[in-house]
Amino acid sequence: MTAAIPGSISDHARPADAVMRNGFGPRVRRLHGRIGAAHHKAEGMAFSRSLLAGEASPLQLAALLRALAPAYALIERRGPALAEAFGATLPWADLARSAALGHDLAQLEAAAVPATPPSVAASAWLEQLSTLAETAPHRFLAHVYVRYGGDLSGGQQLSEQANAILRRHGLPAVEFWQFDRPLSELKQGLHDGFEQLRLSESQEQELLQEAEDAFLATQRLLAELGELA
C-alpha cells in the first residue's frame with residue numbers, strides 16, 4: 001500500500017479507526033488492501049486537497065452534492081434487495097444519505113448558491129451503477145462499500161471543513177456527513193454485512209476489482225469539481 005499523502009484525510013485517522021482495523025474480517029481486509037492506493041490518489045486530487053484545507057468554494061460544495069444525489073438515490077433504491085439476494089443485511093435506514101442530500105440542496109438553493117452545469121462524470125457514474133444493478137449486482141455492491149465507507153470515515157473530516165467554508169460565507173451547514181447512530185456502530189454494521197455476502201470465487205475477485213474501479217468514478221468527479229475553481 002502506498003504511503004499516505006501529507007495533509008490527507010488518512011493522516012487524521014482516529015485511534016478508534018486503528019482499533020477497528022485490527023478486527024476486520026477477511027473480506028474487508030481484502031477490500032482495504034485493494035483500494036488503499038486508489039483512495040490515496042483520490043485524496044491527492046486538487047479538489048480534495050482544497051476541501052481539506054478549507055479553501056474550496058460554496059459553488060464546488062453545491063456541485064458535489066448535486067452530483068452525488070442521483071447515485072445515492074439509485075444505491076438506496078436498489079441496494080437493499082441486491083445485498084439481501086447475496087445473504088447480506090446492512091443498516092440501510094441509518095446509512096441512507098438521500099434525505100440529507102435533499103435537505104442540504106434545498107437549503108443551498110434557498111440561499112441562492114448558483115446552479116452548476118450538469119455533471120458529465122456523475123451522469124456516467126449513474127449509468128455505470130444502473131448497468132451493474134442489472135448485470136453484475138455483486139459489482140454494484142462494491143460501490144456501496146466505497147461510498148458509505150468513505151462517508152463514515154474520511155467524510156467526517158471533510159464535513160468539518162465544508163461547514164467551516166459555508167459558515168464563512170454566511171451559508172447553512174450541510175447534514176450529508178452527519179449520522180444519527182454512532183459511527184463505530186455503523187462501520188461495524190457495514191463491515192458485518194459485507195462479510196455475510198455469499199460470493200463465488202470469481203465474484204469475490206470482481207467485487208475487489210470493482211471497488212478499485214469505483215474510485216475511478218470518484219476521481220473523474222473530483223477532477224470535474226476541481227475545474228469549477
Side-chain angles (χ1 to χ4, degrees), residues 9 31 35 38-39 41-43 45 47-48 51 56 59-86 88 90-109 113 115-156 158-159 162 174-179 186 190 193-194 206-207 209-228:
I9 296 166
L31 279 164
I35 66 180
H39 185 190
K41 185 173 182 179
E43 288 181 353
M45 298 187 73
F47 173 72
S48 303
L51 179 50
L59 186 69
Q60 288 175 300
L61 293 173
L64 170 62
L65 298 181
R66 289 170 183 145
L68 292 176
Y72 274 85
L74 176 62
I75 285 171
E76 289 159 13
R77 185 171 68 252
R78 300 297 306 274
L82 295 179
E84 186 176 0
F86 287 100
L90 280 75
W92 290 102
D94 297 299
L95 289 171
R97 300 290 84 208
S98 289
L101 279 166
H103 169 271
D104 293 342
L105 288 170
Q107 286 205 132
L108 291 172
E109 182 177 346
V113 175
T116 47
S119 169
V120 174
S123 178
W125 180 34
L126 185 64
E127 183 176 351
Q128 178 185 6
L129 286 172
S130 299
T131 300
L132 291 176
E134 296 298 330
T135 63
H138 57 293
R139 285 182 173 267
F140 177 96
L141 294 174
H143 291 258
V144 172
Y145 185 84
V146 168
R147 294 313 318 165
Y148 292 130
D151 296 337
L152 291 167
S153 298
Q156 300 307 298
L158 296 181
S159 175
V174 294
E175 297 181 357
F176 172 68
W177 288 289
Q178 296 176 10
F179 294 86
L186 290 177
L190 180 67
F194 271 78
E206 290 172 356
L207 173 78
Q209 180 58 54
E210 191 65 36
E212 290 187 64
D213 293 346
F215 276 98
L216 296 178
T218 299
Q219 288 165 22
R220 287 190 288 268
L221 177 56
L222 294 174
E224 199 176 70
L225 292 168
E227 292 175 0
L228 282 178

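These values consider heavy atoms only, across backbone and side chains, with no hydrogens, waters or symmetry-generated copies.
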Kindly write out the residues that satisfy side-chain contact (heavy atoms from CB on, under 4.5 Å) with [X], not counting sequence neighbours, or none if the list is empty.
{"X": "A122", "answer": "A67, S119"}
{"X": "A56", "answer": "F47, S50, L51, Q60, I165"}
{"X": "E76", "answer": "Y72, A96, R97, S98, Y148"}
{"X": "S123", "answer": "none"}

>> Restricting to salt bridge (charged side-chain N to carboxylate O under 4.0 Å, His left out), what partner residues turn up for E175, sequence neighbours left out?
In response: none
> Sequence neighbours excluded, which residues qualify as salt bridge (charged side-chain N to carboxylate O under 4.0 Å, His left out) partners of R147?
Replying inline: none
> Would you find more than 12 non-hydrogen atoms of other residues, nucleotides or ligands less than 6.0 Å from E84 atom CD?
Replying inline: no
Once rounded to the nearest 0.5 Å, what's the spacing between atom [atom1] of [X] and atom [atom2] of [Y]?
{"X": "L61", "Y": "L225", "atom1": "CG", "atom2": "CG", "result": "9.0 Å"}
{"X": "D151", "Y": "F176", "atom1": "CG", "atom2": "CZ", "result": "4.0 Å"}
{"X": "E212", "Y": "L216", "atom1": "CD", "atom2": "CG", "result": "8.0 Å"}
{"X": "M45", "Y": "R220", "atom1": "CE", "atom2": "CZ", "result": "10.5 Å"}
{"X": "R66", "Y": "D104", "atom1": "CZ", "atom2": "CG", "result": "11.5 Å"}

Nearest non-hydrogen partners of [X] and [Y], listed with the distance:
{"X": "A162", "Y": "W177", "answer": "CB-CZ3, 3.9 Å"}
{"X": "L59", "Y": "V113", "answer": "CA-CG1, 4.3 Å"}
{"X": "P137", "Y": "L82", "answer": "CB-CD2, 3.8 Å"}
{"X": "L141", "Y": "F194", "answer": "O-CZ, 3.1 Å"}
{"X": "L90", "Y": "A83", "answer": "CD1-CB, 4.2 Å"}
{"X": "P91", "Y": "L190", "answer": "CD-N, 4.2 Å"}

> Taking C-beta and beyond as the side chain, do L95 and V144 meet within less than 4.5 Å on heavy atoms?
Replying inline: no
>> Counting C-beta onward and ignoring hydrogens, is there a side-chain heavy-atom pair between L108 and L65 closer than 4.5 Å?
In response: yes
Listed by chain and number, what are the side chain to side chain donor-acceptor pair (under 3.5 Å) partners of [X], not counting sequence neighbours?
{"X": "Q107", "answer": "none"}
{"X": "Q209", "answer": "R34, D213"}
{"X": "E206", "answer": "H138"}

Side-chain atoms of residues 126-133: list all donor-acceptor pairs with protein atoms under 3.5 Å, sequence neighbours left out, distances to 0.1 Å.
| unit_1 | atom_1 | unit_2 | atom_2 | d |
| --- | --- | --- | --- | --- |
| Q128 | NE2 | E210 | OE2 | 3.1 |
| S130 | OG | L126 | O | 3.0 |
| T131 | OG1 | E127 | O | 3.0 |

>> Restricting to ring pair (Phe, Tyr, Trp, His ring centres under 6.0 Å), what partner residues turn up for F215, sequence neighbours left out?
In response: H39
